[in-house]
Number of protein chains: 2
Amino acid sequence: MLAADRPTPEVSLVTQLRAYLAQANLPEDRRLPPERELAGLIGVSRAELRKALDVLEQEGEIWRHVGKGTFVGGRPLDTFADIGALARRSNPTEVMRARLAMEPELARSAAFMATPADIAEMRLCLARSRQAETWRQYEGWDTRLHRTVAEATHNALLLGLFDTLNAVRRAVTWGRLRVQPVKPAPDHHSFAEHERIVQAIEDRDVAGAATAMRTHLQTVERKLLARQDQPSEG
Amino acid sequence: MLAADRPTPEVSLVTQLRAYLAQANLPEDRRLPPERELAGLIGVSRAELRKALDVLEQEGEIWRHVGKGTFVGGRPLDTFADIGALARRSNPTEVMRARLAMEPELARSAAFMATPADIAEMRLCLARSRQAETWRQYEGWDTRLHRTVAEATHNALLLGLFDTLNAVRRAVTWGRLRVQPVKPAPDHHSFAEHERIVQAIEDRDVAGAATAMRTHLQTVERKLLARQDQPSEG
DNA sequence: GCTTAAACCAAGATGAAATTGGTTTAGCAT
DNA sequence: ATGCTAAACCAATTTCATCTTGGTTTAAGC
């Protein structure tokens, strides 16, 4: 381009762009023309335009995404976490790792925050799971025990995260048939491990609660890897 | 079809279908062939097949959806984690506690799984955050650093949980304006703390990474409680 | 050296066509 | 009439090819 086109080089392209953004009436979604087009409109090279857009993006005045375009304003936050999509991208191994990352910390927090009512419910779940006549019943009480621990943190966000994790776990684990006609053996590893978790929480043993939960989940992981016909719950 | 093909009409089509479901090895998603095809396979009319499928659906053994297909097992729960509702029930304190529960474990896992590319991106975020000219810019790089750590776990589920946590954090923190004209001081506590986190991850020091992240978040928590006019990020 | 234009890439949008469960209709045999 | 079958039709959904778009690389040009 000729020098005469830009008689005032001290007026930076960034400023020029800001002026354009203010003047141009953009569509409802505040999307501005594609870079190639915009470069032609303003009369600069695409590379130069992009450098200016980089600045505006750093400033937070615009946001860009490949395939979508460039938009004025802050990046919109998606208000929903899609469990299904998450489950599709994940797998049983990842679920196990995620449980190992989260649940010990939930147990730790529960040991701090649990009320007597929380602990009573945990003990109820323990007892019912021992009385279970089928694996399905056992799984129900097992799931409820783990959720009670999450509830005992008395933190709505942590509980929500646990529920999300749990929903993904169920979605991921769904396919595998578990035709276990027999009921859990009285010496099933989970009974003692669950007991230790609840006891640690009752004793306000924060480190012990986390450790007990981690140990428990590691056992579940080992069984899960060894034999696919075992329930994946724990 | 000839009567000879079905010499035992008392064996209902439903039973026959159940046998088929047990025997056939279905794809990962447990989807069975389209009705038209399945009808041909079994050798019955589509109408008759559908009547049997109706029973199985009633029993809860399968579920169907137009355009999708027919699947064995329970209908997947289409629960979306509602970030907005979660944010409404939560508060900054809970968010902080949730970060303290999750992010050290993410750092620990990242120390295991991070690739050189992950670490390079972390270092980039570090450098940019130091160069930030405004708090807004700093926050952007800080957020990106923390998310890179979550990415470095190479666990889609953990990343999803982190994103959910982060979305709630942003939603909860929404109201508070932070008009901090000055840029972060060169000795801002987070610089050194972030550096320690990344270094531990690079050194494959799993315990150190978790500890560094916990220490960092505790500092953020302290600052947050002491002075509301500080950025809540860290 | 620096800029520019062009090519290339992968993520996302778009739209036509095919697929699929659900429903209706017409034919046909009993 | 009754009951079954095949075919057509419908709307929801997937699939696939194509286009768009920001991001990146490359090489020519000055």
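All of these numbers come straight from a predicted model, not from anything done at the bench.
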SB check B:Glu221 B:Arg99 (cutoff 4.0 Å): no

d(CZ, A:Arg46; C1', C:dC8) in whole Å: 11 Å

N/O (side chain, A:His65) to phosphate O (OP1/OP2, D:dT21) under 4.0 Å: no

Contact under 4.0 Å: B:Thr70 side-chain N or O vs C:dG21 OP1/OP2: yes

Ion pair check, A:Arg18 and A:Glu61, cut-off under 4.0 Å: yes

Distance in angstrom units between A:Lys51 NZ and C:dA5 P, rounded: 13 Å

B:His189 ring center near B:His194 ring center (under 6.0 Å): no

Rounded interatomic separation in angstrom, taking CD1 from A:Ile62 and P from D:dT21: 15 Å

Nearest-angstrom distance from the residue atom CD of A:Glu57 to C1' of D:dG22: 10 Å

Closest to side chain of B:Ser45, choosing from C:dA10, D:dT13, D:dT5: D:dT5

Any B:Arg64 side-chain N or O less than 4.0 Å from OP1/OP2 of C:dG22: yes

Nearest-neighbour nucleotide for the B:Val66 side chain, C:dT20, C:dT4, C:dA7 considered: C:dT20

5'-most by nearest nucleotide on DNA chain D - B:Ala47 or B:Gly67: B:Ala47

Length of the CH2-P vector between A:Trp63 and C:dG12, whole Å: 11 Å

Minimum-distance nucleotide to A:Lys68 side chain [options: D:dG22, D:dA8, C:dG12]: C:dG12

Residues from residues 31-40 of chain B lying under 4.0 Å of DNA chain C - heavy atoms: B:Arg31, B:Pro34, B:Glu35, B:Arg36

Atom-pair distance (CZ on A:Phe71; P on D:dT20), nearest Å: 16 Å

Between B:Asp203 and B:Gln199, a side-chain donor and acceptor under 3.5 Å: yes

Donor-acceptor pair, side chain of A:Thr143 and main chain of A:Glu139, under 3.5 angstrom: yes

Heavy-atom pair of closest approach, residues A:Glu94 and B:Leu157: OE1-N, 3.3 Å

Basic-acidic side-chain contact under 4.0 Å: B:Glu195, B:Arg123: yes

Rounded distance in Å - CG (A:Leu49) to C1' (C:dA6): 16 Å

Phosphate-side-chain proximity, A:Arg50 and D:dG23, N/O vs OP1/OP2 below 4.0 Å: yes

